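A short write-up of the structure that comes next.
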Amino acid sequence: MPELVMQLTRAGFLVLLWLFVVAALRIVRSDLYAASGLKVGIPGFRRDKSGKARGKAPRQLVVTHGALAGTRISLDGRPIMIGRADDSTLVMDDDYASTRHARISLRGTDWYVEDLGSTNGTYLDRAKVTAPMRVPLGVPIRIGKTVIELRS
């Protein structure tokens, strides 16, 4: 084999190796930022000068994806327990949900989601919930394979 072809092959493999390393580092970095609970800006959601969210108040919790898609729960001010337990408000038959997975509760005029020490985590949009986080209208909450939203 000519020397030039051998050198080009080596250089090509070296470039592919570095591309793989860079891609792996980007994935690890994005996973670390998602796990840190970094607050993500939500497009289309703004506050007015008084600090209150514009638009209507949420009136129901809607399951948009998963085995319970289409399920609606009216929001009446009481906390909503989510998990596999029979006494949960939203009983999930999801292999990735814990017995007592998450709670959505009203604090003042805003609804908050908090993870109750689940194994696989709760995600608000793409951010992992590590402390109670305010849930804006229409932003997806992912628990295992199930996605829920607050709607007016």
Side-chain angles (χ1 to χ4, degrees), residues 12-13 15-152:
F13 279 123
V15 167
L16 285 174
L17 177 67
W18 277 108
L19 287 174
F20 174 76
V21 168
V22 169
L25 288 175
R26 289 183 70 185
I27 291 170
V28 168
R29 183 178 142 242
S30 68
D31 286 348
L32 287 175
Y33 280 123
S36 70
L38 182 67
K39 291 188 178 179
V40 179
I42 299 164
F45 183 78
R46 290 189 170 77
R47 294 178 168 270
D48 61 15
K49 293 182 183 188
S50 67
K52 297 289 182 188
R54 286 191 216 162
K56 299 180 179 181
R59 295 181 182 222
Q60 55 185 245
L61 181 77
V62 180
V63 179
T64 57
H65 293 89
L68 299 172
T71 302
R72 295 175 182 270
I73 298 173
S74 295
L75 301 175
D76 57 2
R78 290 182 290 183
I80 297 173
M81 297 295 293
I82 302 170
R84 299 180 76 164
D86 292 332
D87 63 342
S88 296
T89 311
L90 181 61
V91 180
M92 301 175 66
D93 187 25
D94 190 333
D95 292 335
Y96 300 101
S98 298
T99 304
R100 301 227 184 276
H101 196 99
R103 175 177 40 229
I104 299 176
S105 56
L106 184 63
R107 295 183 183 179
T109 58
D110 295 324
W111 286 90
Y112 283 78
V113 63
E114 65 181 299
D115 187 83
L116 301 176
S118 66
T119 305
N120 295 312
T122 303
Y123 293 85
L124 179 63
D125 200 12
R126 292 185 180 140
K128 186 170 185 175
V129 176
T130 56
M133 294 178 72
R134 192 176 67 77
V135 181
L137 209 59
V139 174
I141 301 168
R142 186 171 53 84
I143 297 172
K145 296 178 183 176
T146 304
V147 179
I148 57 178
E149 294 179 4
L150 293 180
R151 294 197 179 158
S152 58

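Owing to the predicted nature of the structure, the values given are computational and were not obtained by experimental measurement. The chain is numbered in sequence order, starting from 1.
The side-chain hydrogen bond (donor to acceptor under 3.5 Å, both in side chains) search around Arg103 returns Glu114, not counting sequence neighbours. Annotation: side chain to side chain contact (heavy atoms under 4.5 Å, CB included) contacts of Ile73 (sequence neighbours excluded): Leu61, Ile80, Thr89, Leu90. Taking Thr146 as the reference, Asp94 meet the side-chain hydrogen bond (donor to acceptor under 3.5 Å, both in side chains) condition, with sequence neighbours excluded. The side chain to side chain contact (heavy atoms under 4.5 Å, CB included) test applied to Ser118 returns Ser98, His101, Asp115, Thr122, not counting sequence neighbours. Every residue meeting the side chain to side chain contact (heavy atoms under 4.5 Å, CB included) condition with Ala85, not counting sequence neighbours, appears here in chain and number order: Asp87, Ser88, Thr99, Arg100. For Asp86, the salt bridge (Lys or Arg N to Asp or Glu O under 4.0 Å) criterion is met by no residue, not counting sequence neighbours. With sequence neighbours left out, the side-chain hydrogen bond (donor to acceptor under 3.5 Å, both in side chains) criterion links Asp93 to no other residue. In this structure, Arg84 has no side-chain hydrogen bond (donor to acceptor under 3.5 Å, both in side chains) partners at least two apart in sequence or on a different chain. Checked against side chain to side chain contact (heavy atoms under 4.5 Å, CB included), Val22 has the following partners two or more places apart in sequence or in another chain: Arg26.
The two residues Gly121 and Lys128 have their closest heavy-atom pair at CA-CE, 4.1 Å. Nearest heavy atoms, Trp111 versus Ile104: CE3-CG2, 3.7 Å. What you find for Val147 and Pro140 is that their closest heavy atoms are CG1-CB, 3.6 Å. When all heavy atoms of Arg134 and Tyr112 are compared, the closest pair comes out as N-CD2, 3.3 Å.
The salt bridge (charged side-chain N to carboxylate O under 4.0 Å, His left out) pairs that include a residue from residues 141-152 are Glu149-Arg151, where partners are two or more places apart or lie in different chains. Annotation: side-chain hydrogen bond (donor to acceptor under 3.5 Å, both in side chains) contacts involving residues 58-70, sequence neighbours excluded, comprise Gln60-Arg72.
Looking only at side-chain heavy atoms (C-beta outward), Ile148 and Ile82 come within less than 4.5 Å of each other.
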